[in-house]
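See structure below.
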Number of protein chains: 2
Amino acid sequence: MEFKEAKNKFVQTWGALGSQWGINKTMAQIHALLMVSNEPVSMEDIMEELQISRGNASMNLRGLMDWGIVYKEFKAGERKEFFTAEKDLDELAVKISRERSKREIKPTLKILKEVSTIEAKDSAEEKHFVDQTTKLYDFVLKADNMLDKITEFNDNWLGKLFIKMMK
Amino acid sequence: MEFKEAKNKFVQTWGALGSQWGINKTMAQIHALLMVSNEPVSMEDIMEELQISRGNASMNLRGLMDWGIVYKEFKAGERKEFFTAEKDLDELAVKISRERSKREIKPTLKILKEVSTIEAKDSAEEKHFVDQTTKLYDFVLKADNMLDKITEFNDNWLGKLFIKMMK
DNA sequence: TTAAACTTTCAAAAATAATTGAAAGTTTGT
DNA sequence: ACAAACTTTCAATTATTTTTGAAAGTTTAA
């Protein structure tokens, strides 16, 4: 396999994976492209490589920057903007974890708290509901706290998590 | 908040969350409904509660069974089928992890292996590509192995993971 | 201050995904 | 073997999401 083919395959694969995780295909593809580029890429180049419109590129780049995993760069003497991706994978994982926690897990916990604390009356049905949503709340909370812990460290985080938890 | 309202809120929330994770809304809603039901639910009841068509219910139930997190049940004397969800949350997490690994991570690893082992010539661009995709491969592999480990156990898995890894 | 070079926005269009419902399929009891 | 009771399938429809492209906005240099 030659370079161009490999790069394309990687970008396509990463894009397809993105869809399965609720991230739109183009956004994931742009991210993939930037991840494997050794130098900052202009919007023009992104449009060209992925065959997408200017508006599309602009919006998805903004999305990636909101996630904190793509940065704007400026080149001396150049007026246009360039973009780079976070390339450190531990850092990438940390950013994604933090953001998903903030956007999805925290709001879900809030709702779970609400619904699990209703007055449970006497019916088995209602008791089961309260019981199950309470368990769910505890489970999600535990999982989220673990993510928090993980993101406190940067490399070899599992090892360090160990130590932290043994205290 | 009264029971019916709480139940509805939970089902809606779980459904919305599903979309963000690449699972379709109805599938997540059915799952939510079954999770908090203390007894098996018929297709008829699911259709009624979620206001969806028979075809929709049928297809999404099948999807949930493919994930291994919803089961068919038969009631004595009843011709029709009933459904229940896996309610043990550790077990649920294990099932989802295994399935995502099989469906998404393993195929991705295969591609990452392929693209990271191209002949890297001498350009900095190609070298960076190989370097970055190799790191990605290692990272994803490590993450997947961790999931594997986690799924070997059933409850208190984090504690047991500890023990296993200390050996 | 003007205009060139660039980016963002957003309504409309296109693409994709989910849903319906009725016909076809299956199973069970008589 | 029949038919009642149920489930599955899938082409057509509907809903949702993504993409486009041109107008509006912004920044910089002269």
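Protein chains get the first letters and strands the later ones, always in sequence-line order, with residue 1 at the start of each. Only a predicted model underlies this, so the values are computations on that prediction, with no experimental measurement involved.
Between the CD atom of A:E78 and the P atom of D:dT27 there is a distance of 19 Å, given to the nearest Å. Counting to the nearest Å, the P atom of C:dA4 and the CZ atom of A:R79 are 11 Å from each other. Rounded to an integer number of Å, the gap from B:L64 CG to C:dA18 P is 13 Å. As a whole-Å value, the separation of B:E81 CD from D:dC6 P is 11 Å. Separating the NZ atom of A:K80 from the C1' atom of D:dT26 is a distance of 17 Å, rounded to the nearest angstrom. Residue A:I46 contributes atom CD1, which lies 16 Å from atom C1' of D:dT19 at whole-angstrom precision. In this entry the distance linking CZ of B:F82 with P of D:dA5 reads 15 Å, nearest Å.
Applying the ring-ring contact (aromatic ring centres under 6.0 Å, His included) rule to A:F83 yields no partners; only residues at least two apart in sequence or on another chain are considered.
Residues from residues 49-62 of chain B that place a heavy atom under 4.0 Å from any atom of DNA chain D, listed by number: B:R54, B:G55, B:S58, B:M59, B:R62. For the segment residues 20-42 of chain A, no residue has any heavy atom less than 4.0 angstrom from an atom of DNA chain C.
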Query - Derivation of the salt bridge (charged side-chain N to carboxylate O under 4.0 Å, His left out) call for B:K135 and B:D131 - result: CA-CA 6 Å; B:K135 280 181 182 154; B:D131 184 54; 3.2 Å; yes
Report task. Would you sort out whether B:K106 and B:D144 count as a salt bridge (charged side-chain N to carboxylate O under 4.0 Å, His left out), showing the intermediate values? Result -> CA-CA 8 Å; B:K106 293 282 154 56; B:D144 187 46; 3.4 Å; yes
Requested in this report: Applying salt bridge (charged side-chain N to carboxylate O under 4.0 Å, His left out), run through B:E114 and B:K110 and close with a yes or a no.
Outcome: CA-CA 6 Å; B:E114 281 174 39; B:K110 189 166 164 291; 3.5 Å; yes
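For the pair B:K72 and D:dT8, the criterion of a side-chain N or O lying under 4.0 Å from OP1 or OP2 is met.
Heavy-atom contacts from other residues, nucleotides or ligands closer than 6.0 Å to CD of A:E48 number 12 or fewer. Around atom NZ of A:K87, more than 12 heavy atoms belonging to other residues, nucleotides or ligands sit under 6.0 Å away.
Here the nucleotide nearest the side chain of A:M43, chosen from C:dG29, C:dT7, C:dC6, is C:dT7.
No donor-acceptor pair under 3.5 Å is formed between the side chain of B:H31 and the backbone N or O of B:L64. For A:S37 (side chain) and A:L33 (main-chain N/O), a donor-acceptor pair under 3.5 Å exists by modelled atom type.
A donor-acceptor contact closer than 3.5 angstrom is absent between the side chains of A:Q20 and B:W21.
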